[in-house]
Asks: 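Let me begin by handing over the structure; questions about it come next.
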Amino acid sequence: MKFKKAPLLRYSLQFISLVSFILFLANLSYPPGLGNQLLQWFSRLDPWLLLSELRWQQEVPYWVWLPLLTLASTLLWGRIFCGWLCPFGAFLALTDTIGRAVFKFKMLSLTRNKVLHALQHMQYYWLLFLMIVFVLGSNWVFFLTPFALFSHEIVRGLQGQVPWMLMGITAGTLFFSRLWCSVLCPTGILLSLAAKLRLFHYRIVGDCVQCEKCTRACSVGAAPAHTSVVKEGCLTCGNCQRVCPTKAIEWQRSSWRGRDRQLVPADDVAATKRKESRRQFFKAAFTALMAAALWRKTVWAAEKALRPPGVLPEPEFTAVCNRCGRCIQVCPSKALSPMPITEGLANFETPYIIPRRNRCDLCLACQKVCPTGAIAKVPLEKVRMGKAVIDKPRCIAWTEGKQCLICGEQCPVLAIEGDEQHRPIVLTDKCVGCGSCENVCPVDGEAAIRVFPS
Amino acid sequence: MDRRQFISGVGYGLLSLGLAGCGLNLSGKSVNPQNTQNTPNTPSNQAASSAASAYNRGKLIIAEGTDPNSLIEKGFAALGGIGALVRRGATVVLKPNFSVARKPEEAATTNPQLVAAVVKQCLAAGAKEVKVIDYPFQSPAVCLTNSGIKEAVEAAGGKAYAINAQSFYTQVDTGGQILKTALFSKDVLNADVFINFPILKHHSMTKLTLGLKNMMGLVWDRGYFHRTDLTQCIAELAAFRKPHLTIVDATKGIIDNGPMGPGTIREWKQVIFGADPVAVDTYAATLFGHKPADIGYIPAAAQLGVGEMDLQKLTVVKV
């Protein structure tokens, strides 16, 4: 592969990915257009989406080729998705570049590498933990996956809320490079695992002078400093190759037969490996135990909430929803808002409706933007979000005889009728639970008609 | 003469000069005391706030047919030409009904082609800008898109938007018995020409929604109307501010399940034009098959002197 044009191509791809992702997201509005289609394709590149679809829907989605494309590219070139295409990766790469330019002190660059290396082996324990939680039946792992995380944090910002996760990760990246990408990003680690089998990679073939320039240049701590081959976390960015003073690093096809040349004497490695394996076993066991113990806590759901029109049944919904926040962004009536983390990890960033604040106009744009099908494409006639119940003692038509049938007037599905004295009556079989009635009720404070989730 | 007498004398003098200016209409831009908003209205300029229309109040024009452009053209021609109403450089505000997210064929919102035809006429008459506004029940984007209003109005060269934020309103003294004050549309207060443009359709509470009822879309707190006395509030609102012209889209409308719809559609193939809002509503009510006296807000408004509800005293011209 020629690498003179490669950095340019990579920067362009990252730039396009980052800018278009943010622009499309910010421009999501009713009615959703082409930008939405591109966003859907984009986020379906994440293999976690496929896993979740297989686990909870027990069906192979029609877009299965998109995540498989990511996996295929990983099997060929390693985490090229993370290093070249991922918009969040692009954002963090930019943050890292800024961080390196601003904090030039040697001390910091040393700690940077130490932290990266020290934490690197944590990644598979973290993955194990996530996997156990996932298999047991909770899917909050989604709010950490790159498309969803970047997306819900941008939406948060656009909606005037504090994108605290993004701020935290950005700050972490300034000091510790792409620690998030190499150790914590669920998609990144999953791809790291796949990258162990990759066909092409960087390796040291020339004379290494142990200058460790590559180590300092690598933003994920994967440089070939101690082994001759880059670690599986490599983002295929080529920085190590570019900074190598002896041009010792080359992009090569991996030779599965030939053993990788160790830069450290083989006996030492074997000894540490034996010690490591026992330690690893204990760590893994501990992780599994933790995940099982915490599982119930993380599955714990909030009280039933009013969800967008057409959602899957609650347990499936929280499992399949990837918390990308697009439904929240597109909602023309601003009826959808993200659940705060205080409602439990399983519900964090999932959309819900507070009808007294804003009502659902049943425009169904949320169904069109949902990339996972958590908000299924259910026609209006079959939408059942909740049921309206009149609190007669509070209703001014029932108690004061006022000419108020505003709930009936504004009910979009004709589920509220007036009796002969214009007092509202809910026709339960027609009510879809959009919250128009509760929203528009002129009674001060809590409405005299309220919608309860079904 | 003491100082107080002198100052009030000057005040009255200026006021009468200002009122006289209304009749002169020299620059083509009517000197409307409402343009100086944000100050509480005194009773004297309140009377002037219901600006006189350019057209004969005793005349109703009924345009019959189905083609939107020709309906509007015929109507204005019979009224005496749009030039009498819209002067060069004027700002025109149209208040159609796009309160609900229904498609034009569902007949719950003012026909967008009719609205666009009026926008075109106004611009052809030299209007500086034509604003098409409503305060919809549902979210603006959905209502503006589904009703077809946004697309049609923008294609015709006008601006269509929802006045769904408090910043579109200003506090006014409405001077009614119940409706003493209200947050009322700034766009309408600052307009040179205000055309009310409802659709004739069923309404669960008031039987019919018409011109007078359509004015509720210019007020921020509609809940107050429902909490107090709906018909009286509508009448008092009409007394506060009369449109220069009311056009009722009676080409077709829903005759049940109003105002939200969907409902049974009936076609009348008519568009009603009139300077007197009560007269227009009276005619439309009879067209629908109701006695005008049964539509609470019509007699209530007539009682307040907003207009005439005796069709015998009016000239009805069919074109």
Side-chain angles (χ1 to χ4, degrees), chain A residues 28-33 329-336 358-366 380-381 395-397 399-425 427 430 434-437 439-445 447-448, chain B residues 97-103 106 108 135-148 150-151 162 164-165 178 201-209 213 216-217 219-234 254 256-264 296-297 300:
Chain A
L28 265 192
S29 59
Y30 180 88
Q329 175 66 17
V330 83
C331 183
S333 58
K334 301 210 178 302
L336 298 178
N358 282 308
R359 61 199 244 165
C360 166
D361 284 339
L362 302 172
C363 72
L364 308 186
C366 49
L380 189 54
E381 307 80 62
C395 174
I396 56 175
T399 53
E400 296 172 35
K402 293 286 183 197
Q403 289 238 310
C404 178
L405 188 57
I406 197 161
C407 52
E409 246 178 52
Q410 300 212 2
C411 174
V413 292
L414 309 172
I416 300 173
E417 252 181 14
D419 64 3
E420 61 289 345
Q421 279 148 52
H422 292 302
R423 295 177 304 197
I425 296 164
L427 309 176
K430 282 191 184 174
C434 68
S436 298
C437 49
N439 180 254
V440 83
C441 178
V443 172
D444 285 331
Chain B
N97 183 336
F98 56 86
S99 290
V100 295
R102 297 281 174 212
K103 300 200 169 75
E106 292 179 280
Y135 176 16
F137 300 169
Q138 292 167 288
S139 39
V142 186
C143 291
L144 280 161
T145 308
N146 286 20
S147 66
K150 191 177 175 67
E151 198 186 353
N164 64 323
I178 304 174
K201 65 170 172 177
H202 173 256
H203 191 277
S204 58
M205 200 69 235
T206 57
K207 293 193 177 97
L208 276 185
T209 160
K213 176 79 177 72
M216 264 179 87
V219 180
W220 176 248
D221 183 11
R222 297 189 278 222
Y224 179 80
F225 283 52
H226 289 265
R227 283 196 299 268
T228 52
D229 182 336
L230 187 57
T231 52
Q232 188 61 26
C233 277
I234 293 172
I254 47 173
D256 49 23
N257 300 338
M260 195 78 198
T264 316
Y297 54 80

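Lettering follows sequence order; numbering is per chain, from 1.
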Asks: Could you tell me which non-hydrogen atom of Gly261(B) sits nearest to which non-hydrogen atom of Leu414(A), and how far apart they are?
Replies: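 So the two residues come closest at O-CD2, 3.5 Å.
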Asks: Take atom CD of Glu417(A) as the centre, draw a 6.0 Å sphere, and report whether it contains more than 12 heavy atoms from other residues, nucleotides or ligands.
Replies: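 Not buried by this count: 12 neighbours or fewer within 6.0 Å.
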Asks: For the interface with chain B, which of Glu409(A), Arg359(A), Gln403(A) has the highest count of heavy-atom pairs at distances below 4.5 Å?
Replies: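 With the most close heavy-atom pairs to chain B, the winner is Glu409(A).
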Asks: Can you tell me which of Ile396(A), Ile406(A), Leu405(A) forms the most heavy-atom pairs within a distance under 4.5 Å of chain B?
Replies: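 Of Ile396(A), Ile406(A), Leu405(A), Ile406(A) has the most heavy-atom pairs under 4.5 Å with chain B.
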Asks: Given the rule in the side-chain contact (heavy atoms from CB on, under 4.5 Å) test, do His226(B) and Lys402(A) qualify, once you have shown the distances and angles that lead to the verdict?
Replies: CA-CA 7 Å; His226(B) 289 265; Lys402(A) 293 286 183 197; over 6 Å; no
Asks: Nearest 0.5 Å please: distance from the CE atom of Met260(B) over to the SG atom of Cys411(A).
Replies: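 Met260(B) CE to Cys411(A) SG: 7.5 Å, rounded to 0.5 Å.
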Asks: Could you check if a side-chain atom of Thr145(B) sits within less than 4.5 angstrom of a side-chain atom of Tyr30(A), using non-hydrogen atoms only?
Replies: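 Heavy-atom side-chain distance check passes, below 4.5 Å.
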Asks: By the definition side chain to side chain contact (heavy atoms under 4.5 Å, CB included), identify the one residue from Pro412(A), Cys360(A), Ser333(A), Cys363(A) that meets it with Gln138(B).
Replies: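 Checked Pro412(A), Cys360(A), Ser333(A), Cys363(A) against Gln138(B); only one passes side chain to side chain contact (heavy atoms under 4.5 Å, CB included): Pro412(A).
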Asks: Can you tell which part of Ala141(B) gets under 4.5 Å to a heavy atom of chain A, answering side chain, backbone, both or neither?
Replies: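 Both parts, heavy atoms under 4.5 Å.
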Asks: Please report the closest heavy-atom contact between His422(A) and Ser204(B), naming both atoms and the distance.
Replies: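 Minimum heavy-atom separation between His422(A) and Ser204(B): CE1-O, 3.4 Å.
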Asks: Non-hydrogen atoms of chain A under 4.5 Å away: do they reach the side chain of Thr228(B), the backbone, both or neither?
Replies: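 The answer is the backbone of Thr228(B).
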Asks: Report the distance from atom SG of Cys143(B) to atom CG of Asp361(A), rounding to the nearest 0.5 Å.
Replies: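 The SG atom of Cys143(B) sits 6.5 Å away from the CG atom of Asp361(A).
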Asks: Is there a side-chain contact between Asp221(B) and Pro442(A) (heavy atoms, below 4.5 Å)?
Replies: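 No, their side chains stay 4.5 Å or more apart.
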